[in-house]
Amino acid sequence: MVARVTRVQPAPQSQGFGARLSAARVGTRVSSSSVREMPMWSLRRRPGRTLGLLLLLFLSFLVLRSLVVLAFVPLSRYLNPKVGSCDYEGPVRLNWSTLLPLWLQPRRLGLRTKGPNFMLEDSTFQIFGGSVHYFRVPKEYWRDRLLKMKACGLNTLTTYVPWNLHEPERGKFDFSGNLDLEAFIQLAAKIGLWVILRPGPYICSEIDLGGLPSWLLQDPNMKLRTTYYGFTKAVDLYFDHLMSRVVPLQYKHGGPIIAVQVENEYGSYYKDHAYMPYIKKALEDRGIIEMLLTSDNKDGLQKGVVSGVLATINLQSQQELKALSSVLLSIQGIQPKMVMEYWTGWFDSWGGPHNILDSSEVLQTVSAIIKSGSSINLYMFHGGTNFGFINGAMHFNDYKADVTSYDYDAVLTEAGDYTAKYTKLRDLFGTFSGIPPPPPPELTLKMTYEPMRPSFYVSLWDALLHLEDPIQSEDPINMENLPVNNGNGQAFGYVLYETTIFSSGILRGHVHDRGQVFLNRIFIGILDYKTTKITIPLTQGYTTLRILVENRGRVNYGNNIDTQRKGLIGNLYLDNNPLKKFRIYSLDMTKRFFERLDTDKWNFIPKEPTFPAFFLGALSVGIYPSDTFLKLEGWTKGVVFVNDHNLGRYWNIGPQETLYLPGVWLDKGLNKVIIFEETMAGSMVQSTETPYLGRNQYVN
């Protein structure tokens with residue numbers, strides 16, 4: 001008989017999204033003044049008798065517990081203990097040589113090395129890990145994804161920590177809601193998973209600027225990922241705050257964190273030999289006492305090694321496994337091997353193909369890694385979504401921005417559904433561990449809703465009248481240096497530059513990343529990395545020149561991260577004459593931005609709308625809001641917002657053709673949908689139960 005795990009249910013429908021999110025919060029800090037004083041036991045009269053009674057009760061508990069366990073656990077479990085599970089607030093497993101209850105079990109040694117093996121306390125331990133990024137998954141679905149990880153036979157969760165999301169402004173930290181790192185780690189422990197934490201400060205992760213805050217780039221001399229004072233000062237302040245949250249969750253303090261990674265793939269960057277020792281010391285000085293690891297791919301393994309830190313490798317093929325294992329042996333001798341990132345798929349870029357890695361190849365490579373005696377982490381086990389504008393980019397020969405979906409062709413789909421990889425790997429891990437994994441949870445519900453037809457509209461040019469007054473500047477200002485957000489500049493979204501011109505000519509400038517050029521309200525062309533000049537046609541009198549610049553995502557990997565400033569970079573020239581007197585609008589499209597576009601600012605959609613424009617409609621949802629995917633056929637390029645949640649970008653060049661809409665972000669009844677469309681609008685927005693990530697390539 002197969003036990004069933006109840007499916008993930010949305011919060012009660014009578015509550016709005018804010019109430020549901022509030023109800024989901026866990027791990028609230030309690031001040032010492034609010035803690036009740038524990039009652040005192042008086043032992044003054046007969047201390048010997050009282051203590052003897054307590055000891056008798058304790059011994060009786062141990063005997064009873066051992067009899068219960070013996071009745072249900074095979075003898076082989078005692079003779080061959082396995083430490084493949086965290087068991088922190090999890091199911092009872094005899095992984096220890098004592099029958100002491102969990103809260104009395106010693107945690108002295110933690111994860112350590114012994115020859116070619118990892119040891120957890122006194123037992124050999126092989127890490128079967130998987131990556132899930134809490135910031136890419138709705139908090140209400142964390143439990144579902146981690147239960148599916150546990151049911152796949154894995155014993156360890158790995159996750160990055162994105163500095164740019166946790167410290168959006170200098171000294172202002174956000175660990176709430178979907179960014180509640182402590183709640184995520186504590187949930188992993190309750191489910192029975194160990195944790196390897198990858199706190200950066202740089203994390204790559206196909207996230208904007210590799211997870212570094214864009215306000216760092218306000219310094220014109222900034223040297224990221226080095227011991228440059230402006231960078232280390234910011235890292236120190238961030239680590240002061242972050243580590244105060246992380247340190248209590250370490251293994252030796254009773255938590256699930258068994259290892260911490262030092263930075264990320266620094267060997268392939270390596271601009272400062274003192275940098276990695278600095279990061280190692282920064283972690284240790286703030287109380288990190290568990291095993292430290294590095295993680296490098298084939299390009300950086302030789303240079304990424306740090307004294308006193310175990311090196312691990314990142315790869316996708318068996319050929320790389322053989323080559324990198326030899327390099328590891330030559331670098332650090334006989335030590336445990338670990339593939340910190342086995343890439344189960346790959347990310348997609350706008351205008352490119354949808355990347356797929358065959359499940360049979362994945363099975364063969366994972367099997368080879370385990371048989372070689374190596375530990376492994378599946379990157380990704382579940383990818384999730386680049387909600388909002390957080391996606392990264394690559395820029396080697398050509399600039400390529402990552403799509404909104406971080407499906408990654410991973411073990412679970414973007415919406416957390418099972419794949420052929422999941423089924424095969426579950427059987428494999430069960431075979432190697434010798435312990436049948438728990439039954440997989442049921443899938444979350446999917447739904448196709450009635451098409452949503454927008455009813456109202458406001459052009460960007462009309463919306464400007466209701467936004468904050470523009471910034472007046474003699475010269476263009478890049479996005480990061482705009483005097484907004486308490487002096488921290490603008491991190492994401494769009495910037496609109498306006499100035500007045502009096503003649504035609506050749507317009508020239510550096511636009512990062514994509515700028516639509518308008519004369520008054522008439523579109524005349526695009527400026528980007530490849531097109532740096534455009535002809536301005538003959539004009540009469542005073543003409544308003546407008547350039548709407550989109551930050552499509554800062555580079556997250558490579559040697560050019562210091563130059564990732566967005567907007568107009570430097571002067572803008574007309575026939576070699578620098579243009580002056582700019583009006584600059586910060587269009588970050590946050591909740592606060594849309595609050596200025598209240599009901600009376602919208603109009604009925606005209607027969608021929610003026611673009612760019614915002615469109616407003618309502619998605620009707622029944623009694624049980626469920627996951628869906630929005631399909632924008634007929635629309636060209638833009639962003640979708642549902643109930644104040646930024647679902648991310650869409651673009652008809654593909655490969656992504658649907659946007660994931662989590663059911664937990666929907667309410668029973670009417671749901672507000674706003675679409676910012678740059679070029680051409682369709683008549684409706686459809687929904688589907690199946691994501692569409694590439695030409696003729698459905699994911700299931």
Side-chain angles (χ1 to χ4, degrees), residues 5 8 11 20-32 34-35 83-93 95 101-105 107 110-111 120 127 129-152 154-162 165-166 173-200 239 241-261 283 286-291 377 381-382 384 416 438 441 664:
V5 179
V8 175
R20 293 205 300 272
L21 187 60
S22 178
R25 290 180 180 150
V26 297
T28 304
R29 295 180 182 272
V30 181
S31 64
S32 58
S34 65
V35 179
V83 192
S85 174
C86 168
D87 295 335
Y88 178 73
E89 294 187 27
V92 175
R93 296 188 190 279
N95 294 331
L102 190 63
W103 51 275
L104 283 178
Q105 291 173 358
R107 291 192 170 201
L111 187 67
L120 193 54
I127 298 168
S131 290
V132 177
H133 300 153
Y134 57 99
F135 50 93
R136 284 183 162 122
V137 182
K139 184 175 183 179
E140 296 87 341
Y141 287 158
W142 288 352
R143 181 175 180 81
D144 172 75
R145 306 314 192 246
L146 297 187
L147 284 172
K148 287 171 178 172
M149 175 180 286
K150 183 76 173 177
C152 194
L154 303 184
N155 57 37
T156 303
L157 164 71
T158 68
T159 189
Y160 282 128
V161 182
L165 303 185
H166 285 301
F173 298 98
D174 185 1
F175 285 81
S176 64
N178 235 56
L179 296 175
D180 194 341
L181 172 64
E182 292 155 291
F184 186 64
I185 294 173
Q186 290 163 352
L187 178 61
K190 291 177 183 177
I191 287 172
L193 294 165
W194 300 113
V195 175
I196 295 177
L197 196 67
R198 311 176 78 185
F239 271 13
H241 186 94
L242 176 63
M243 296 309 152
S244 69
R245 296 173 178 271
V246 168
V247 164
L249 299 172
Q250 294 179 101
Y251 174 89
K252 290 170 188 170
H253 295 317
I257 297 175
I258 57 173
V260 176
Q261 185 174 300
L283 293 170
R286 289 164 177 80
I288 296 299
I289 55 177
E290 305 300 340
M291 176 180 286
N377 175 57
F381 176 78
H382 171 54
V664 293

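Being a predicted model, the structure only gives us computed values, none of them experimental.
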Of all heavy-atom pairs between [X] and [Y], which one has the smallest distance, and what is that distance?
| X | Y | result |
| --- | --- | --- |
| T156 | M149 | O-SD, 3.9 Å |
| L242 | P199 | CD2-CB, 4.0 Å |
| T159 | V132 | OG1-O, 3.1 Å |
| F381 | L154 | CD1-CD1, 3.8 Å |
| A151 | P441 | CB-CD, 4.2 Å |

Is the backbone of [Y] close enough, under 3.5 Å, to the side chain of [X] for a donor and an acceptor to pair up by distance?
| X | Y | answer |
| --- | --- | --- |
| Q250 | G287 | yes |
| K150 | G192 | yes |
| K148 | G416 | yes |
| W142 | V137 | yes |
| N178 | K139 | yes |

Flag side-chain contact, heavy atom, 4.5 Å: [X] against [Y]:
| X | Y | answer |
| --- | --- | --- |
| T158 | V195 | no |
| L283 | M243 | yes |
| P162 | Y134 | yes |

Could you go step by step and tell me if S131 and N377 meet the side-chain hydrogen bond (donor to acceptor under 3.5 Å, both in side chains) rule? CA-CA 7 Å; S131 290; N377 175 57; 3.0 Å; yes
H241 and F175: aromatic ring centres closer than 6.0 Å?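 Under 6.0 Å, so yes.
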Quick one: does NZ or CZ of R107 land under 6.0 Å from the six-membered ring centre of Y251, within 45 degrees of the ring axis?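 Ring-cation test returns yes.
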How long is the straight-line distance from CG of L157 back to NE2 of H382, given to the nearest 0.5 Å?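 The CG atom of L157 is 11.5 Å from NE2 of H382, to the nearest 0.5 Å.
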I need the L111 CG to L120 CG distance, nearest 0.5 Å.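 It comes to 6.0 Å.
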